[in-house]
Amino acid sequence: MEDNENTNQNDNNMMTDICENPSPNEKRSSPRIEKLKAQKHQQQTPVNNSNKKKKTMILSKSPHKVEESRNGVENNDVNMTVCEEQQVEESRNGVENKEILKVCEEKKAAVEESVKRMEKRIFDVSKRQKVEEGEEKLQMKAEFVENEMTEDEKRAYAVVTEALRTFYKYYLHAVQEEETRCGKTDALQKNMKSSKPKKGEALDVDVKKGARRPDLKALTKMRETNTILYPNKIGSIPGIEVGKQFFSRAEMVAVGFNSHWLNGIDCITHEDSEGSSGYNLPIAVVIVMSGQYEDDLDNSEDVVYTGQGGNKLCGNRRQFRDQVLEKGNLGLKNSMEQCVPVRVVRGHECKSSYVGKVYTYDGLYKVVKYWSEKGVSGFNVFKFQLKRLEGQPLLTTDQVQFAGGQVPKSVSDLRGLVCEDISDGQENVPIPATNLVDDPPFAPTGFAYCNSIQVSEPVKLPVKSLGCNCSGNCAYSKTCSCATLNGSNLPYVHRDGGRLIEPKAVVYECGPNCGCGPGCVNRISQRGIKYRLEVYRTPKKGWAVRSWDYIPSGAPVCEYIGKLMKTDDVDAIPENNYIFDIDCLQTMKGLDGRERRLGGMCIPSSENDDDKDSVPEFCLDAGPTGNVARFINHSCQPNLFVQCVLSTHHDIKQARVVLFAADNIPPMKELTYDYGYALNSVVGPDGTIKQLLCYCGAAVCRKRLF
DNA sequence: TATTATCAGAGGTAT
DNA sequence: ACCTCTGATAATACG
């Protein structure tokens, strides 16, 4: 199938007939097994591996495809092709199909509207891409995409993000349950090995009955709370762009991209589903190709997908009977006949980071033909050829794997390097700076790097708080006095090196007077930077920060380091954009501004009420001295959030300010947080309201100006 | 340390 | 009861 150079001709002459194809394709099985087989097979026939054993394969990778799809962008009736071709064919097939044809007509508009809406955006972006040629502009692409979103699209994007955060929250809660119940935490394991098993507690740990799938638990929770987005949607999903990365199948279910975390082919089966009336059901709306195609994904606009069924899923995973034209197979056939666009998701193995697998939305495809053929085990399997709709963003390896461009392997292959490590060895990982914008390029200057808080003269530090009496580390939230301050549970889970389960008004960590050691899970934010961050120059926003690593939601990124000052003293300084007000108290009271990023947190009522209307008493000035956090830009749709943390003392007015990941952040994506200043809150000396343009792309700019 | 085997897991449909 | 096959861990092979 690899040598399919006549793909285009086939388009004009599609046949829906089922033909016997003697090519030795075989059963559907797990990616691992398939991979192994593919490798073995390749060893046997190293040159011509035309009879692939993969579930899906790339049919055409020829360069002219690229040109074609570029041209398609400017072609107004580009998305007529699906239905037009179909109609021609239907009329050939005769009277019996007239009904389907009619349905097709009726549905055409709705489907095309969805496709066109997307393509309109693609058109705009593509135009930009043409203008902005050159490698160094790649990083700007993502920004353009965000900037050119309409208000509706921004809203849709925010809705999707919100749903995902809900999912992360439930997920991490389930992880904590799992860690507690199963006793699989590092702490517990150590305890059980080294010291005597804690009486009572360690004994009721049920290792076998633990919730092993927090992702599924989270999904169930979302179903219960009715927070799953867009069930059974046809075509593109608002707020989810081509190239969107997901980190598990469950995540995709949470936003309604898929309806089940396990199915490769997802169908709409019920009449009452949104937009499904009039269709001959079931119709397939999304397929997932789980696989190993990182290298051959470029321009893989044609695909052959193996149907479902006839597999022994437990045991040897062999094909043991013929596939039948039912369920997903029938759905794909129906989708072909009724011009239903199919979302295509590809799974990529990703061993370089904590995420084992990444799923990428690769756009809408049309089913162009299907057939059945004998598999290796001697049973019939169905094959579906899908062709990518034109006018969508090009598929490239970069795009599939890393939205913002290629991830550098080391500092040495960084382009535009202006500084190898702005922290000058102070951080665990070097933080390089690059500048591909200015000519001649320059490095960030005018500040001294420092990774611990400096205290200005008039500021008095509060007395250190008493710590907990734990030893080793604080796995037992019931006995740790620090954990108790956070509620009944620890704020963090152990997974992925420690993740904050959800934003809280304040996080009480263990501190210098605690009995626990540095390995304690309740000291997550005290361990310095652990992701490979890069400071880079942007055309419009000055310096910015991104990560080369995946950052899981709830993971600590960095603390906001600067000089701890009294706010009154700072207001005298005219131009300083590096002031961070420590306004936890104001935030907790629900005042304007930063409360937005904290969502629906609960506010403790114990704080003194007379502070309600006060301004923040202290702030952090990262102007003259600070850490990498001073380069992180504002966004009204940020992927980090600000978390007040108390560790050495319990005075909230001087809380530490730590930035945590709000989303699962893919490499090379700019890190941003919400500066949180109320719109029109800054008034100039002449009494006019000062404004500074926000380039985050969101509708409302609330960036602070001095 | 890297690869392979194992198995539970949930929601829909079929029996 | 069956179908869907993922995600995490246990077990094994490997160097």
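Please read these numbers as outputs of a predicted model, since none were measured by experiment. Letters A, B, ... mirror the listed sequences (proteins, then strands); counts begin at 1.
- A salt bridge between A:R165 and A:D663 is present, with a side-chain N of the basic residue lying under 4.0 Å from a carboxylate O of the acidic one.
- Taking a 6.0 Å sphere around NZ of A:K221, one finds it holds 12 or fewer heavy atoms contributed by other residues, nucleotides or ligands.
- Regarding A:M289, its CE atom lies at a distance of 15 Å from the P atom of C:dC5, rounded to whole Å.
- For C:dA8, the paired nucleotide is B:dT6, the pair qualifying as Watson-Crick or G-U wobble because both relevant distances are below 3.5 Å.
- Distances shown here put a side-chain N or O of A:K217 below 4.0 Å from the OP1 or OP2 atom of B:dA10.
- Checked options A:Y171, A:F167, A:Y550, A:Y359; the residue passing with A:F247 is A:Y550 (criterion: ring pair (Phe, Tyr, Trp, His ring centres under 6.0 Å)).
- Judged by the 6.0 Å distance and 45° axis criteria, A:R343 is positioned over the aromatic ring of A:F257.
- Checking B:dA10, B:dG12, C:dG7 against every side-chain atom of A:K357, the shortest atom distance belongs to C:dG7.
- Look at CG on A:D215: it is 12 Å from P on C:dT6, rounded to the nearest Å.
- Mapping A:R495 and A:H260 onto DNA chain C by nearest heavy atom places A:H260 closer to the 5' end of the strand.
- The listed nucleotides are C:dA8, B:dA10, C:dC3; the one nearest the side chain of A:R223 is B:dA10.
- For the pair A:S259 and B:dG11, the criterion of a side-chain N or O lying under 4.0 Å from OP1 or OP2 is not met.
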